[in-house]
Amino acid sequence: QERMTNTISLMLKTVAAYKPIVVVINRFHLASESTALLVRSLLEKPSEQIRIILGARAYANQGDRESDVMMSLVGMLEDRGNVYHIPYSE
């Protein structure tokens with residue numbers, strides 16, 4: 001799984017060297033652990049050419065590994081002032 005995450009991250013950064021990329025993931029609260037790890041990898045080693053937009057509902061930690069990864073991402077983004085709360089309306 002780590003190898004896959006590193007490979008996809010490298011591919012995105014290689015493509016972004018030629019043209020900026022925006023990665024959009026809606027319903028991120030339902031994302032798999034591998035998707036969350038990929039996003040974390042992109043955030044830990046940021047590229048000026050890659051922007052990430054995540055749409056998610058409020059997230060509650062379930063106490064499992066996937067929840068821990070997700071909560072660490074939320075914390076990382078909040079620490080950087082990169083979380084914007086947009087009210088949901090039907």
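Basis for what follows: all heavy atoms, side chains included, without hydrogens, waters or symmetry-related copies.
The heavy-atom pair separating Ala16 from Ile21 by the smallest distance is N-CD1, 3.7 Å. When every heavy atom of Lys45 is checked against every heavy atom of Lys13, the shortest pair comes out as O-NZ, 2.7 Å. Nearest heavy atoms, Thr5 versus Ser41: CG2-CB, 4.0 Å. Of all non-hydrogen atoms in Leu38 and Ser9, the two that sit nearest each other are CD1-N, 3.8 Å.
Side-chain heavy atoms closer than 4.5 Å link hydrophobic residues (I, L, V, M, F, W, Y) into clusters, and following such links, even through other members, never connects Val23 to Tyr18. Clustering ILVMFWY residues whenever any of their side-chain heavy atoms sit less than 4.5 angstrom apart, transitively, puts Met11 in the very cluster that holds Met4. By the rule that hydrophobic residues join a cluster once side-chain heavy atoms approach within less than 4.5 Å of another member, Ile50 and Val24 end up as members of separate clusters. In terms of hydrophobic clustering, with Ile, Leu, Val, Met, Phe, Trp and Tyr side chains grouped at heavy-atom distances under 4.5 Å, Leu43 and Leu10 are assigned to different clusters. Side-chain heavy atoms closer than 4.5 Å link hydrophobic residues (I, L, V, M, F, W, Y) into clusters, and following such links, possibly through other members, connects Val15 to Leu42.
For the atom pair Thr7 OG1 and Glu2 CD, the distance stands at 10.0 Å (nearest 0.5 Å). To the nearest 0.5 Å, atoms CD1 (Ile8) and OG1 (Thr35) are separated by 8.0 Å.
A 4.5 Å side-chain heavy-atom check between Glu33 and Leu37 finds at least one atom pair inside the cut-off.
More than 12 heavy atoms of other shown residues, nucleotides or ligands fall within 6.0 angstrom of atom CD in Glu44.
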